[in-house]
Amino acid sequence: MSRKQLDMTLLVLAVAVCFALPLVITSPTYLQILILLFFYAYLTTAWNLVGGFAGVLPLGHSVFVGIGAYTSTILSNQYGVSPWIGMLAGGVIAAFVGVLIGKPTFRMRGAYFALCTIAFAEGIRVMIENIDSIGPIKINGPRGLLIPLKGDSFWNYQFMHKEPYYYIILTMLLLVVALTWFISRSRMGYYLAAGGEEPEAAQALGINVARYKLISMAMSCFLTALAGTFYAQLMLYFYPKGLLGLDLSFEIAFIALIGGRGTIAGPVIGALALRPLNEFTRIYLGSQLPGLHLVIFGTILILVMLFQPKGLTPPLARLYDKFAARITGEGGAK
Amino acid sequence: MALLSVENIDVFYGDVQVINGLSLTVNEGEVVSIIGGNGAGKSTLLKTISGLMPVRSGSITFKGDRIENQPPETIVERGLVHVPEGRRLFSLMSVADNLEIGAYIKRAFKVKDKTLRQVYELLPRLLERRDQMAMTLSGGEQQMVAIGRGLMALPGLLMLDEPSLGLAPILVKSIFETLRKIADTGTTVLLVEQDVHHSLSLSDRGYVLEHGRVALEGPAAELIDNKHIKSAYLGM
Amino acid sequence: MNILEIKDLTKHFGGLTAIHDLDLHIAKGEILGLIGPNGAGKSTLFNCVAGVFPPSVGDIRFKGESIAGKKPWDLCSLGLARTFQIVKPFGSKTVLYNVMVGAFLHTGSTSKARDKAMEVLETLQLDHRKDQLASNLTIADRKRLEIAKALATDPELLLLDEVMAGLRPTEVDDMIAIIKGLRDRGVTVFVIEHIMRAVMALSDRVVVIQFGEKIAEGKPEDVTKDENVIKAYLGSEYGAA
Amino acid sequence: MSYASIGKRLLGLAAIGLLTAGLSGPAFAQKTIKIGNVEPLSGPSASVGVQGKQAREMAVEEINKNGGIKSLGGAKLELVYADSKSDPTVGVTETERLINTEKVQLMTGCWNSAVTYPATQVAERYGVPFVVPVAVRDTITERGFKYVFRIAAKDSWWVRDQFRFLKDMQDETGVKLKTMALVFENGDWGTGFAEKWRALAKKDGYELVLDEPYPSTASDLTPVVTKLKAANPDIVMLVSNAADAILITNTMAEMKVKPKVTVASGGGHADPKFLENAGKNALYLFDEVEWNTDVNKPGAKETNAAFKAKYGYDLTGESVDAYVAMYVIADALERAASTDPEKVRAALAATKLSTGPAMICSYDSIEFDESGQNKNAGIVIVQVADVNGQLDRVTVWPKNARRAGYTPVFPANK
Amino acid sequence: MTAVIQAVINGIMMGAMYGLTALGLTLIFGVMKVVNFAHGSLLMVGMFAAYWLIKLTGIHPYLSLLVVPPLLFFFGYYMQNLLIKPVFRAEQQVREPLTVIIVTTGVWYVLDNLALMLFGAEYRTVKTSITGTSFSMGDFIVSIPKLSGFVVSVATAVGLWLFMVKTRTGKALQATSLDREAANLMGIDQYRIYNLAFGIGTAIAGIAGCVIMPFYYVYPSVGVVFDIRAFIIVVLGGLGSIHGAMLGGVIIGLIESVFSQFMPSTWTEAIIYAVFLVILFVKPSGFFGKKQDW
């Protein structure tokens with residue numbers, strides 16, 4: 001078996017296992033945990049397009065989750081538009097907003113950029129919390145929006161069981177991972193990586209670095225907003241502090257940093273490492289030791305930054321290379 | 001025994017070797033020049049001696065003690081002072097404060113007022129400018145501050161990296177006159193320069209560096225007429 | 001025909017004049033050497049030509065068209081590529097990846113870019129290093145990689161900024177051969193170089209600048225005999241000694 | 001490719017791990033009836049969450065000690081808790097977990113309206129009866145849900161009674177109050193109250209001189225108080241969470257802002273910490289609560305004494321609601337004689353509880369209307385007063401519940 | 001009009017304290033070029049330290065100024081030495097070490113949640129002899145704890161400035177901030193200077209904790225309230241500038257206090273973010289200076 005065949009086999013196997021899981025795991029609670037795991041992996045992968053490949057550190061991505069959730073929910077609650085259509089609308093708006101803030105901020109150096117994204121996201125949150133309605137559009141301020149129960153309906157993006165949500169987010173995750181994979185092997189990916197690493201050299205090679213960063217920002221924001229709609233339909237309720245707050249933005253960034261910024265598997269590995277930890281410590285230790293999981297989060301983050309500043313993916317990839325070499329009998333790759 | 005002796009050192013930037021089995025010595029009271037083209041490893045050599053760069057192998061001995069791979073601050077304490085390339089003044093601090101920082105190490109700090117008087121005597125221009133912000137000085141004046149700052153540390157060996165860089169000829173001349181005066185006080189000087197003539201006329205001995213190796217060494221007077229240098233610089 | 005013409009170029013940085021009233025031209029197919037002591041303004045001139053800084057005064061024409069104020073990426077698309085004195089490889093990526101970044105200028109296809117990059121790497125005899133990380137290369141190979149990236153954009157005019165600094169004599173000889181080879185393939189070359197032997201061997205014509213002004217221009221062997229040049233290089237009193 | 005495939009591999013492993021965990025849960029014996037409770041046990045509202053938890057525990061202990069649910073063979077009630085952290089998302093997730101994994105037969109919670117609102121929707125979706133002891137947002141019971149019941153009054157009633165109180169007191173004392181200022185935390189709760197205040201103020205002819213939301217995380221409330229001082233209202237209406245209640249009261253004292261009447265809405269003002277920290281600055285403040293220690297009901301004093309002995313502090317409106325909720329559930333289970341959700345729901349809907357320990361509440365019986373709202377839920381207004389040198393909360397309204405011998409100080413500042 | 005002047009008085013007093021909360025941040029940035037995301041958490045640690053000290057010993061709240069800042073100094077000093085120095089060493093060549101920012105974010109999460117585990121989420125206030133006291137000046141009322149906070153803030157800023165320009169160590173801090181390598185060549189151990197900068201920055205957060213405690217409350221995530229504001233202040237004033245931080249603080253204090261006389265106070269927060277973004281876009285170096293000035 002060649003290395004390529006081995007990779008393909010394992011990949012297909014893993015995807016098959018993912019699709020088969022709901023057949024075995026019937027507990028909605030565990031499905032919910034998996035759904036949230038995929039949800040975070042998806043968000044982080046989308047974040048990674050700009051935070052990883054374009055080499056900046058955005059810390060306000062929750063605002064785009066919010067744009068997605070608000071757009072589709074307002075459209076469906078007040079105008080009866082299917083959330084599936086609202087999802088795309090939210091994506092487009094988010095992409096537009098992303099470009100709007102990306103344009104002036106991409107000039108800035110690292111810390112300024114990070115601070116700027118935080119300020120923007122917090123500013124939007126505060127604004128939304130202060131607005132009850134804009135003309136006929138009900139924003140509901142800090143109370144957030146609730147999506148009325150409409151029963152099982154694909155068109156309304158509502159399901160009484162967890163499985164459909166599971167398959168939707170799994171598909172979304174696979175698509176976005178495939179997209180990242182595709183991009184990283186295309187001109188766009190090469191240009192982003194080059195611009196992130198040595199902007200001057202990249203410009204000298206004919207790359208309009210700022211433009212490519214904006215494109216990646218637009219894509220990242222678009223994809224992030226889609227997840228916002230998914231979240232809204234899964235929970236049927238959201239409110240500014242929870243959805244637009246810094247916690248979500250930071251968690252996305254943490255997952256990426258721990259998993260490995262700028263790698264394809266990083267977000268998935270990060271989510272796999274952190275989400276279950278989050279859920280299980282909350283369930284089993286939550287009321288006795290509130291905050292424990294965040295202490296562990298922070299500690300892991302510090303340790304990873306101290307000892308594996310590129311995240312967990314590179315060492316795991318080396319392990320996998322060794323394993324693959326043994327299976328295929330080929331020498332270690334590269 | 002030599003004041004400074006560098007023996008067979010290898011220095012790398014990442015995986016790239018920039019200094020290759022280089023050895024040199026500086027004796028007490030001497031002025032020694034290191035000359036060579038861009039990328040020959042001159043600045044790296046000084047940075048290595050002053051502790052900014054690690055050596056991978058070989059040894060550096062100063063006043064009989066091994067100092068390779070020690071942090072810069074302890075090397076300065078021993079009296080080995082490095083005036084870096086490009087002057088590197090504390091741009092938003094006054095001339096006086098720049099000089100005072102030069103006397104940061106305890107040994108020098110105790111007598112800083114006395115040293116400061118001596119420096120002002122040597123470089124009267126700085127006395128006039130003492131309250132001015134360093135960034136507002138002209139290039140020549142800045143170089144004077146850099147040298148003065150080095151002297152404030154009471155150097156047993158003063159290493160200067162291209163003090164004439166980017167200066168107009170008239171200023172180059174005055175810098176070398178200053179260096180002459182410093183040498184005349186008995187301070188040992190290790191000078192890295194691309195102004196071959198000036199530096200060699202000031203020096204007792206010289207080393208020519210190429211590709212991180214010593215290509216040529218000898219008394220300065222001999223080197224000054226050496227054809228090799230001309231060819232290295234002018235391709236003749 | 002002149003591929004590049006610089007007229008009355010002046011560049012100020014705050015109060016400092018880095019380049020003053022400089023005229024310069026390069027004929028198509030020529031190799032022009034630009035020399036001068038450290039701090040003379042060579043890199044600033046390069047940066048003005050390559051679009052990093054707009055000129056304060058004066059004009060720069062490339063293929064007859066004014067390019068003053070154009071951005072580096074636009075110039076690259078026009079056929080003007082450059083290398084950096086302090087090489088800037090994409091260190092975490094392989095050699096092939098680095099060159100492909102350049103090769104993508106004229107194609108959106110990954111496989112075409114790879115073919116182009118391989119071709120360039122072969123030209124520069126760097127193909128055996130294609131899978132190495134750029135950060136692990138030796139100086140000589142980094143310099144070559146720097147040229148390879150620029151070359152992959154198919155330039156008509158190539159600005160080389162000290163690509164020989166730090167090379168061993170045999171490596172310098174190799175590099176001279178490579179650059180001459182480029183010219184034979186129709187690329188016009190503008191080099192900044194410190195190693196005089198190389199400049200002499202390479203250049204059709206040499207321009208010498210000091211303090212931002214041109215102090216000499218002409219055939220290499222004439223320029224090195226120029227009093228001003230010797231003074232500029234070896235120190236103000238060297239000529240007299 | 002290689003990274004992606006590793007990721008997928010690990011994902012598979014994790015899934016297998018989860019799977020085993022999922023299957024290994026023991027089958028549940030039907031000796032006990034599990035009640036799931038989602039409460040803010042950490043986060044900004046943790047103290048009320050803990051109060052509710054302890055009140056529930058006391059009630060369930062009593063019920064179990066008295067033989068449990070007799071119609072179900074003396075089945076015992078068992079409380080299962082989950083922490084919402086005051087975060088609706090966590091609340092929803094935890095409600096789902098309690099229903100699906102812990103297999104609870106009933107749910108209660110969640111104090112925060114913002115959490116209760118979506119959490120009850122989850123219960124409705126799964127058809128699990130959800131008894132809301134307290135969470136005031138009107139719409140919780142106004143969505144046509146079948147499985148949601150609320151013990152406490154909803155916010156429109158709270159607001160209605162605040163205005164009734166004002167009117168009654170003015171009639172009683174002959175003092176005329178004209179101007180009113182609304183100052184409220186800008187969360188779900190405060191903005192909900194404010195909306196209704198505005199309508200009633202208009203109806204009752206008060207002139208609104210200030211309508212001011214403030215963020216409960218504000219580092220300084222002086223700007224708000226400065227504004228209040230400039231507006232100089234007769235009446236200040238307040239909604240405050242925990243710490244901002246203290247901050248605003250102390251800042252008002254500091255800035256010498258003395259409105260004739262200050263009416264708070266429970267929450268932060270009802271927290272035992274409030275009096276401890278605000279001290280004399282809180283004197284003559286009116287606060288609206290569901291219950292007060294001096295409420296004139298049989299058993300109230302004794303229950304409060306037992307609670308205080310156990311946990312070291314007095315019952316509050318919120319904890320009484322939680323306490324009562326347990327008895328309502330026990331009563332319904334007793335009548336349903338089944339744990340079938342549909343039967344329990346029907347029994348809850350038919351509740352008419354007017355005897356027993358639950359009757360420490362300030363009203364005389366518990367009955368749910370069609371929306372699931374307890375139609376008798378009542379509210380009292382207390383005044384912070386100096387009783388024998390000690391600050392106390394004295395019931396003043398409705399007049400028939402007023403502590404004997406106490407004359408309300410109205411207006412507080414002439 | 002009275003209300004506006006009253007708002008100005010209050011805005012300046014609060015603003016000076018905001019400046020104080022930002023002072024340590026700006027110092028650390030000035031010297032290390034690191035945005036310390038854990039700064040708010042350090043403030044929280046300072047507030048809890050002050051809280052327990054006052055609560056348990058019953059001393060006058062301002063006596064805590066003698067105990068808490070030195071304690072926090074060592075806390076910051078060793079934290080930098082243990083956690084941040086290694087990253088710094090590894091990223092010596094990087095001009096703006098993002099990894100360090102991330103580590104400080106990790107520290108933020110750990111500290112906030114450790115406090116949550118130890119002390120619970122509840123809001124804690126101390127009732128001190130000066131809480132809620134004030135005096136009148138004509139029509140205007142000045143809160144005593146805030147006035148004291150104002151005085152301490154200004155004194156701290158002046159003290160820090162004097163330290164920076166007058167002492168050997170202060171000058172070494174300045175030198176390191178301007179050119180690490182050159183300072184190193186002067187015999188200044190940059191890592192010790194970083195420890196000191198972190199220690200002093202943390203100690204100032206401790207001072208802020210002591211003066212805020214008498215009129216505010218503490219809870220584990222209280223730092224976030226001040227943290228984001230402190231970021232805004234240092235960017236407004238110019239990262240690294242002492243008087244920039246104080247001025248930035250006063251500007252924020254005034255916006256908060258005066259603007260809220262004309263609009264709901266919830267909007268002032270949004271306005272502060274807007275001002276921040278505008279400054280970032282228009283003049284990223286802040287009101288003060290091209291680089292750092294002290």
Side-chain angles (χ1 to χ4, degrees), chain A residues 55-57 59 101 103-105 107-131 141-142 245-247 250-251 253-254 256-258 261 285 288-307 309-311, chain E residues 29 33-35 37-38 41 82-84 86-87 90-91 94-118 120-121 220-221 224 227-228 231-232 234-235 239 263-264 266-277 280-282 284-285:
Chain A
V56 291
L57 189 66
L59 290 177
I101 56 163
K103 221 169 156 62
T105 44
R107 284 182 295 148
M108 293 172 192
R109 286 186 286 124
Y112 276 96
F113 179 83
L115 287 180
C116 210
T117 50
I118 291 178
F120 182 77
E122 281 292 277
I124 295 280
R125 176 182 65 78
V126 172
M127 261 178 64
I128 295 216
E129 285 186 346
N130 275 297
I131 296 174
L246 286 184
D247 288 348
F250 274 79
E251 191 165 354
F254 279 18
L257 291 162
I258 290 172
R261 228 175 130 195
L285 300 168
Q288 289 96 329
L289 289 171
L292 177 66
H293 75 278
L294 291 175
V295 173
I296 299 175
F297 254 49
T299 311
I300 292 180
L301 186 69
I302 294 170
L303 292 178
V304 167
M305 285 302 122
L306 286 177
F307 300 109
K310 289 193 159 51
Chain E
F29 183 87
K33 306 290 170 280
V34 164
V35 178
F37 273 70
S41 303
L82 181 72
L83 295 179
I84 299 172
V87 188
E91 292 205 354
V94 185
R95 213 165 107 249
E96 234 207 345
L98 271 187
T99 314
V100 180
I101 295 184
I102 297 161
V103 169
T104 61
T105 315
V107 171
W108 161 15
Y109 269 62
V110 170
L111 287 179
D112 276 20
N113 291 289
L114 270 181
L116 179 65
M117 285 166 66
L118 288 174
S221 54
V224 181
D227 213 358
I228 293 177
F231 289 149
I232 294 177
V234 291
V235 173
L239 276 162
M263 62 181 72
T266 43
W267 273 106
T268 57
E269 211 181 336
I271 287 177
I272 290 168
Y273 288 119
V275 169
F276 172 71
L277 288 173
L280 267 184
F281 294 158
V282 178
S285 53

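Just so it is clear: chains get the letters A, B, ... in the order the sequence lines come, proteins before strands, and each one is counted from 1.
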What distance do [X] atom [atom1] and [Y] atom [atom2] have between them, rounded to the nearest 0.5 Å?
{"X": "A:R261", "Y": "E:I102", "atom1": "CZ", "atom2": "CD1", "result": "6.0 Å"}
{"X": "E:W108", "Y": "A:F250", "atom1": "CH2", "atom2": "CZ", "result": "4.0 Å"}
{"X": "E:L116", "Y": "A:L294", "atom1": "CG", "atom2": "CG", "result": "8.5 Å"}
{"X": "E:F37", "Y": "A:I118", "atom1": "CZ", "atom2": "CD1", "result": "4.0 Å"}
{"X": "E:T99", "Y": "A:I302", "atom1": "OG1", "atom2": "CD1", "result": "13.0 Å"}

Quick check for you: among E:V110, E:V103, E:T104, E:V107, which has the greatest number of heavy-atom pairs under 4.5 Å with chain A?
E:V110
Ranked by heavy-atom pairs below 4.5 Å to chain A, first place among E:I232, E:I272, E:L114 goes to E:L114
When the 4.5 angstrom heavy-atom criterion is applied to E:V224 and chain A, the contacting part is neither
What part of E:L277 is in contact with chain A, defined as an atom under 4.5 angstrom from a non-hydrogen atom: side chain, backbone, both or neither?
side chain
Sorted by chain and number, sequence neighbours left out, ring-ring contact (aromatic ring centres under 6.0 Å, His included) with E:F276 holds for none
Does any backbone or side-chain atom of A:L59 lie under 4.5 Å from a heavy atom of chain E? Answer side chain, backbone, both or neither.
side chain
Please list, chain by chain and in numerical order, all residues satisfying side-chain contact (heavy atoms from CB on, under 4.5 Å) with E:P86, sequence neighbours excluded.
A:L306
Could you tell me which of A:G123, A:A114, A:P309 has the largest number of non-hydrogen atom pairs under 4.5 Å with chain E?
A:G123
Before you tell me yes or no, could you show the steps for A:L301 and E:Y109 under side chain to side chain contact (heavy atoms under 4.5 Å, CB included), namely the whole-Å CA-CA distance, both residues' side-chain angles and the distance that decides it to 0.1 Å?
CA-CA 10 Å; A:L301 186 69; E:Y109 269 62; over 6 Å; no
Result of checking E:V235, E:I101, E:I228, E:V234 against A:L115 for side chain to side chain contact (heavy atoms under 4.5 Å, CB included):
E:V235
